[in-house]
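In each ligand, atom 1 is the first atom listed, and ligand 1 is the first ligand listed. No experiment lies behind these values; they were computed from the predicted model shown.
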Amino acid sequence: MSLKILVPVKRVIDFAVKPIINKAQTGVETKGVKFSMNPFCDIALEESLKIRESNKGLVDEIHAVSIGPTKAQDILRTALAKGADTSTLVDVGDEEVEPLAVAKILKKIVEKQQSNLIILGKQAIDDDSNQTGQMLAGLLGWPQATNASKVEINGDEISVTREIDGGSDTLKAKLPMIITTDLRLNEPRYVKLPNIMKAKKKPLEKLSPKDLDIEISKRLQTLKVQAPPERPAGVKVESVDELIEKLKQVKAI
Ligand code: AMP
């Protein structure tokens, strides 16, 4: 048995950037803003690298795929520099692609790459959809374990511990399967400089949704994006007594 792992990675506004809503209130401002790999996708990539490192000879290939603008090449190069072997960019220009269309495109890539394990992030931090892995599992008819905090491989079986409210849940499934990653699964490695140079020679195939025969037009319209209401400034107190007094004044106790 060998593993052909597919890791879908999304280009999103860097997690450290404080997003600003655009004037038209239809989304966040993207001009002059730093973009990076979605953090949960980075965790998915790290897990695939760890599986290869701790199971010698098991992993045939790690393929990274991104659906996004031409600039999404940058995050594929990062994925290749971290250790992915090959990659595909499905160039959609400036089009925003909804999770169902992403899942349909990924299904085509799975068939093309003959993948038998797909590790995705549990959610993209830009749209917070948390849908793609689940939809892809539905389209492929494969078992899925979402929000993974631990992954163990035993032959052609994989057991996954999932983070759930107030505890954990351990599942087992046979390949092929889908895993989505939670924050505590691992800590992604940093890219080493020489590997960035080497990654330039690794394969990056460019396709369009048309090449895959997938229609990506949107079915949802964003009506309005709003920032949370501003909170009034807090008050600093000097002592516990003063705190209790203040809480009494506002009838909190
Ligand atoms: P979402 O369902 O949009 O919250 O995204 C969940 C996961 O699906 C992400 O962490 C990625 O692994 C994958 N994904 C979503 N959109 C894309 C995309 N445009 N390109 C590549 N992977 C994606």
**Student:** Less than 4.0 Å between a side-chain N and a carboxylate O, is that true for K218 and E98?
**Tutor:**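 Salt bridge: no.
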**Student:** Would you say P8 has any N or O atom under 3.5 Å from an N or O of ligand 1, going by distance alone?
**Tutor:**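 So ligand 1 has an N or O lying under 3.5 Å from an N or O of P8.
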**Student:** Just checking, any donor-acceptor pair under 3.5 angstrom between side chains of E163 and N147?
**Tutor:**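 Distance-only check fails for E163 and N147.
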**Student:** So does K10 pair up with D127, basic N to acidic O under 4.0 Å?
**Tutor:**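 Yes, this pair counts.
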**Student:** Which atoms from ligand 1 have a heavy atom of N130 less than 4.0 Å away?
**Tutor:**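 Every atom of ligand 1 under 4.0 Å from some heavy atom of N130: 1 (P), 2 (O), 4 (O).
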**Student:** Hey, which atoms in ligand 1 end up nearer than 4.0 Å to a heavy atom of V9?
**Tutor:**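 Contacts of ligand 1 toward V9, numbered from 1: 20 (N), 21 (C), 22 (N).
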**Student:** Between D91 and T70, do the side chains contain a donor N or O and an acceptor N or O under 3.5 Å apart?
**Tutor:**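 A pair is found: one side chain offers a donor N or O, the other an acceptor, under 3.5 Å apart.
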**Student:** Within ligand 1, which atoms have a heavy atom of C41 less than 4.0 Å away?
**Tutor:**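 By the 4.0 Å cutoff, the relevant atoms are 9 (C), 10 (O), 11 (C), 12 (O).
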**Student:** Do I67 and ligand 1 have an N or O pair less than 3.5 Å apart?
**Tutor:**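 Yes, there is a polar N/O contact under 3.5 Å.
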**Student:** For ligand 1, which atoms sit closer than 4.0 Å to a heavy atom of A124?
**Tutor:**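 The atoms of ligand 1 under 4.0 Å from a heavy atom of A124 are 1 (P), 3 (O), 4 (O), 5 (O), 6 (C).
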**Student:** Ignoring hydrogens, just give me the one of I125, T132, L136, L120 whose non-hydrogen atom is nearest atom 1 (P) of ligand 1.
**Tutor:**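 When every heavy atom of I125, T132, L136, L120 is considered, T132 comes closest to atom 1 (P) of ligand 1.
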**Student:** Do P99 and ligand 1 have an N or O pair less than 3.5 Å apart?
**Tutor:**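 Checking ligand 1 against P99, no N or O pair falls under 3.5 Å apart.
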**Student:** Do I109 and L212 have side chains that get closer than 4.5 Å, going by heavy atoms?
**Tutor:**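 The answer is yes; the side chains approach within 4.5 Å.
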**Student:** Hey, is ligand 1 close enough to K122 that some N/O pair sits below 3.5 Å?
**Tutor:**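 No, K122 has no N/O under 3.5 Å of an N/O on ligand 1.
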**Student:** Under 4.0 angstrom from ligand 1, any heavy atom of V65?
**Tutor:**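 Flag set, V65 near ligand 1.
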